[in-house]
Amino acid sequence: MRFLRIVLASVVGLVVFFGILILVLIGIASSAASEQEVDIEDQSVLRIELDKPIVERDIEEPLSSMLFPGSSNGSIGLIGLNEAIKKAKEDDRIKGIYLDAGISLAGFASLKEIRNSLLDFKESGKFIIAYSEILSERAYYLTSIADYIYLHPLGDLEFNGLVVEVTFIKNMLEKLGVEPQVFRVGDFKSAIEPLTRTDMSDSSRLQTQEYVSNMYNVFLEEISASRNIPVVTLREIADSMKVRSPEEAKTYGLITDTAYYDIVLQTIAKELNLEDSVELNEDDINFVSLKNYEKAIGQETEDYTRNRVAVIVATGTIINGEGEGSVIGGETFAKEIRKARLDDNIKAIVLRINSGGGSALASDIMWREIQLAKKVKPVIASMSDVAASGGYYMAMGCDTIVAHPNTITGSIGIFGVVPNAQELLQKIGVTTDYVQTGQFSNLFSLTRPMSSNGKQIIQNQVEQGYEDFTRKAANGRNMSQAQLKSVASGRVWSGVEAKEKNLIDVFGGLDVAIEIALDKAGLEDDYQIKYYPKQKTFFEQIMTELGQEIRVYQLKRELGIAYPFIHKLKELEYLQGIQARMPFEIEVK
């Protein structure tokens with residue numbers, strides 16, 4: 001029997017090995033094919049379809065794309081998208097843009113950056129034609145800049161105002177028997193409320209109402225400018241939800257017309273001065289996809305120069321140690337900042353931040369490297385959708401902070417959570433006992449509640465951390481600590497409010513931050529922009545993705561219907577230690 005088990009294990013191992021080998025070989029062929037040069041024809045139209053999540057940098061998923069060709073897995077990189085639009089403006093082969101914004105899975109600040117890029121593109125005199133079957137509110141915010149906006153006759157346009165939805169898990173934790181022991185500073189530090197409440201506190205509701213109202217004002221004002229409709233009229237249309245059909249969207253001037261896809265193609269053909277044809281189809285128009293155009297401009301050679309601006313992209317939750325993808329590892333990004341500081345070819349650093357925070361320790365480790373770097377070269381912060389709490393911690397020490405009016409920022413405050421799972425363990429028949437050498441040896445035990453003295457120790461640490469955070473923020477913003485505290489207390493601000501409170505310096509996107517960095521570094525024409533951390537090679541990506549797929553498959557198989565709940569609880573791991581984090585699970589839609 002033992003012999004059979006050994007043989008079976010060997011067979012399974014060989015199958016897995018050859019399976020991976022086949023995938024790698026397929027990947028080599030796929031990668032080689034993708035490296036073929038892309039030829040952009042004259043009279044081309046750049047086709048931008050925002051049917052995937054928009055992230056700061058494109059996340060390749062080679063395994064998914066090999067197994068499911070044409071699938072919607074993956075994402076669209078904001079930086080690459082804006083660069084493509086910028087290049088298309090000056091590219092004589094590109095005559096216009098066809099935009100399908102769909103539901104646009106992006107934050108409002110990211111959408112504003114894309115919107116600004118499209119507005120800049122229009123200055124070339126080239127056309128933008130937008131068509132969608134369904135337009136979400138944020139998609140319409142982007143689409144409103146187009147010369148022609150078409151909506152399917154049976155489609156839908158959402159235009160009824162913004163809403164913030166917060167997810168609370170207090171009741172779930174109680175049912176499981178997990179008690180979150182919470183320590184915080186500040187009336188507005190509401191990041192812990194999803195653990196301790198079933199609804200928003202008055203202070204949380206106040207700050208949320210104010211920052212979402214400011215975001216909504218930006219939303220209406222910019223649509224008003226693009227569609228030549230007064231803000232008061234737009235607000236009235238949205239408040240009463242007067243647009244409930246494509247025809248009503250046309251009546252109120254939100255779109256140009258309702259149309260089927262073939263009519264849209266005819267409009268594009270007219271802009272290209274092509275011959276009228278009832279039989280017109282996609283093949284008659286030289287569409288170039290965003291992916292192919294990015295590949296084409298990436299193949300263009302650029303002059304080598306030693307003068308570089310390093311753009312270090314930090315996106316996701318801040319955690320201790322190493323990190324990649326959708327998390328910011330304090331050690332990983334500290335190393336990137338350190339390398340940029342020590343590299344004489346890098347003349348300036350731009351930190352691109354899209355994070356609601358996380359570990360206070362990791363945030364401070366990165367802050368220290370920023371302080372060292374700014375002594376020898378300019379360091380500029382560029383805030384994306386969110387740069388709050390730990391995200392603000394990274395920005396506050398930079399020479400200049402750039403953000404959008406609809407960026408979510410601030411949340412200067414910290415908290416700590418120590419879960420007590422004693423009741424959960426008792427429910428499943430598990431008990432624990434212990435011996436210890438000191439009064440507080442089991443201070444961070446998850447199997448019993450903390451003593452009052454233990455709780456006081458943690459609360460003191462949180463308060464000391466808050467003093468440290470606000471002191472460093474005050475120094476970075478050239479304010480007294482008392483002034484800084486008046487806008488801290490964990491309160492979240494919109495970019496508009498943050499500028500009024502001196503928490504940021506300039507309105508703008510990544511392009512503005514790079515311009516400031518170039519100016520401070522004294523660079524004019526001879527420079528290159530380089531992005532960090534360097535992305536993984538194809539083989540590194542495929543092995544990482546394969547490992548993740550296997551782990552998720554194993555967990556789902558073992559846990560069954562309990563997987564979603566355990567996955568949710570696992571997120572509590574990110575709350576270990578003192579946290580500089582804004583309210584989580586918040587979505588503006």
Side-chain angles (χ1 to χ4, degrees), residues 168-186 189-197 317-323 327-332 334 357-368 389-390 393 413-471 490 551 555 558-559 562 565-581 584:
F168 296 87
I169 61 172
K170 175 179 181 290
N171 289 342
M172 183 185 78
L173 293 177
E174 286 182 352
K175 289 180 179 180
L176 290 171
V178 177
E179 175 201 5
Q181 300 171 110
V182 173
F183 310 88
R184 69 173 185 172
V185 180
K189 199 62 193 174
S190 53
I192 50 82
E193 287 189 0
L195 306 177
T196 61
R197 295 179 60 93
T317 298
I318 299 172
I319 64 172
N320 295 325
E322 303 292 322
V327 296
I328 302 169
E331 292 294 341
T332 298
S359 165
L361 172 60
S363 300
D364 194 66
I365 289 171
M366 293 183 287
W367 172 86
R368 174 58 179 171
S389 211
Y393 207 126
I414 65 174
F415 70 92
V417 178
V418 180
N420 167 27
Q422 185 181 60
E423 185 180 343
L424 171 62
L425 294 174
Q426 289 175 348
K427 284 181 178 180
I428 60 177
V430 176
T431 59
T432 62
D433 203 351
Y434 62 95
V435 295
Q436 60 190 70
T437 59
Q439 182 181 352
F440 299 107
S441 297
N442 69 337
L443 179 62
F444 296 103
S445 171
L446 305 183
T447 63
R448 53 187 38 83
M450 278 188 174
S451 67
S452 57
N453 289 339
K455 288 180 178 180
Q456 190 58 54
I457 289 174
I458 304 301
Q459 184 62 38
N460 290 342
Q461 289 179 333
V462 170
E463 291 174 4
Q464 290 170 8
Y466 182 67
E467 288 297 310
D468 190 55
F469 191 170
T470 53
R471 175 178 55 81
R551 283 196 297 272
L555 281 173
E558 291 174 10
L559 299 174
F565 303 101
I566 301 300
H567 179 70
K568 191 73 177 177
L569 281 174
K570 191 170 176 59
E571 292 179 3
L572 292 176
E573 288 184 0
Y574 287 150
L575 301 184
Q576 291 178 354
I578 306 301
Q579 298 289 304
R581 182 192 296 264
F584 62 86

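For clarity, every value in this text was computed on a predicted model and none was experimentally measured. Values reported hereafter were calculated over all heavy atoms of this structure, with side chains retained and with hydrogens, waters and symmetry mates removed.
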Enquirer: Quick one: closest heavy-atom pair of Arg184 and Ile192, and the distance?
Expert: NH1-CD1, 3.8 Å

Enquirer: Which pairs of donor and acceptor atoms, one on a side chain in residues 438-446, lie under 3.5 Å apart (sequence neighbours left out)?
Expert:
{"unit_1": "Ser441", "atom_1": "OG", "unit_2": "Gly438", "atom_2": "N", "d": "2.9"}
{"unit_1": "Ser441", "atom_1": "OG", "unit_2": "Gly438", "atom_2": "O", "d": "3.3"}
{"unit_1": "Ser445", "atom_1": "OG", "unit_2": "Thr447", "atom_2": "N", "d": "3.2"}
{"unit_1": "Ser445", "atom_1": "OG", "unit_2": "Thr447", "atom_2": "OG1", "d": "2.9"}

Enquirer: Can you list the residues that meet the salt bridge (Lys or Arg N to Asp or Glu O under 4.0 Å) rule with Lys427, with sequence neighbours excluded?
Expert: Glu423

Enquirer: Are the side chain of Glu322 and the backbone N or O of Gly329 linked by a donor-acceptor pair below 3.5 Å?
Expert: no

Enquirer: Give me the atom names and distance for the closest heavy-atom approach of Gln422 to Pro449.
Expert: OE1-CD, 3.6 Å

Enquirer: Considering all heavy atoms of both residues, which atom of Ser389 and which atom of Gly413 are nearest to each other, and what is their separation?
Expert: OG-O, 3.4 Å

Enquirer: Answer whether the closest heavy-atom distance between the side chains of Leu173 and Pro180 falls below 4.5 Å.
Expert: yes

Enquirer: Locate the shortest heavy-atom distance separating Leu195 from Val417; write the atom from each residue and the value.
Expert: CD1-CG2, 4.0 Å

Enquirer: What's the shortest heavy-atom distance between Tyr466 and Ile414, and which atoms?
Expert: N-CD1, 3.3 Å

Enquirer: Report yes if some heavy atom in the side chain of Ile457 is under 4.5 Å from a heavy atom in the side chain of Met450; otherwise report no.
Expert: no

Enquirer: Kindly indicate, with the supporting measurements, whether the criterion side chain to side chain contact (heavy atoms under 4.5 Å, CB included) is fulfilled by Ile328 and Met366.
Expert: CA-CA 10 Å; Ile328 302 169; Met366 293 183 287; 3.8 Å; yes

Enquirer: What residues, two or more places apart in sequence or in another chain, satisfy side chain to side chain donor-acceptor pair (under 3.5 Å) together with Arg368?
Expert: none

Enquirer: Going by side-chain hydrogen bond (donor to acceptor under 3.5 Å, both in side chains), Gln459 matches just one of Gln456, Lys455, Glu463. Which one?
Expert: Glu463

Enquirer: For residues Ser359 and Ser363, report the shortest heavy-atom separation together with the two atoms involved.
Expert: O-OG, 2.8 Å

Enquirer: CG/Asn171 to CZ/Arg197 distance, rounded to the nearest 0.5 angstrom?
Expert: 12.0 Å

Enquirer: Only counting residues at least two apart or in another chain, list the ones meeting side chain to side chain donor-acceptor pair (under 3.5 Å) with Asn420.
Expert: Glu179

Enquirer: Under the salt bridge (Lys or Arg N to Asp or Glu O under 4.0 Å) rule, collect the residues that match up with Arg471, sequence neighbours excluded.
Expert: Asp468

Enquirer: Which residues satisfy the side chain to side chain donor-acceptor pair (under 3.5 Å) test with Glu331, sequence neighbours excluded?
Expert: none

